[in-house]
Amino acid sequence: MGIKGKNDRMVVLACEDCKERNYTTVKNKKNTKDRMELSKYCPTCKHHTTHKETK
């Protein structure tokens with residue numbers, strides 16, 4: 001997945017339970033100032049957990 005524009009940044013999502021970094025995604029920093037929080041499948045925990053954006 002490439003970066004689309006100058007305001008889009010690649011971010012890493014980490015599982016809240018095991019702190020494993022599982023996913024990367026793109027977010028527009030101009031439109032969304034807060035950290036992303038998505039419910040995704042964690043292969044380490046083997047169930048859906050909340051994944052938060054890391055630094």
- Message: Rounded at 0.5 Å granularity, tell me how far NZ in Lys30 sits from CG in Asp8.
- Response: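 Between atom NZ of Lys30 and atom CG of Asp8 there are 11.0 Å.
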Quick one: NZ on Lys19 to CG on Asp17, what's the gap to the nearest 0.5 Å?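 Nearest 0.5 Å value for the NZ-CG distance: 7.5 Å.
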Note to self: In this structure, would Tyr23 and Met10 fall into the same cluster of hydrophobic residues linked by side-chain contacts under 4.5 Å?
What the structure shows: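 Tyr23 does not cluster with Met10.
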Summary of side chain to side chain donor-acceptor pair (under 3.5 Å) pairs that have at least one residue in residues 39-55, sequence neighbours excluded: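 Passing the test, one end in residues 39-55: Glu16-Lys52, Asn22-His51, Lys27-Glu53.
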Would you say Val26 and Arg9 make side-chain contact, with heavy atoms under 4.5 Å?
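A side-chain contact under 4.5 Å is absent here.
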| query | Do Thr25 and Met36 have side chains that get closer than 4.5 Å, going by heavy atoms? | reply |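 Yes, at least one pair of side-chain atoms sits under 4.5 Å.
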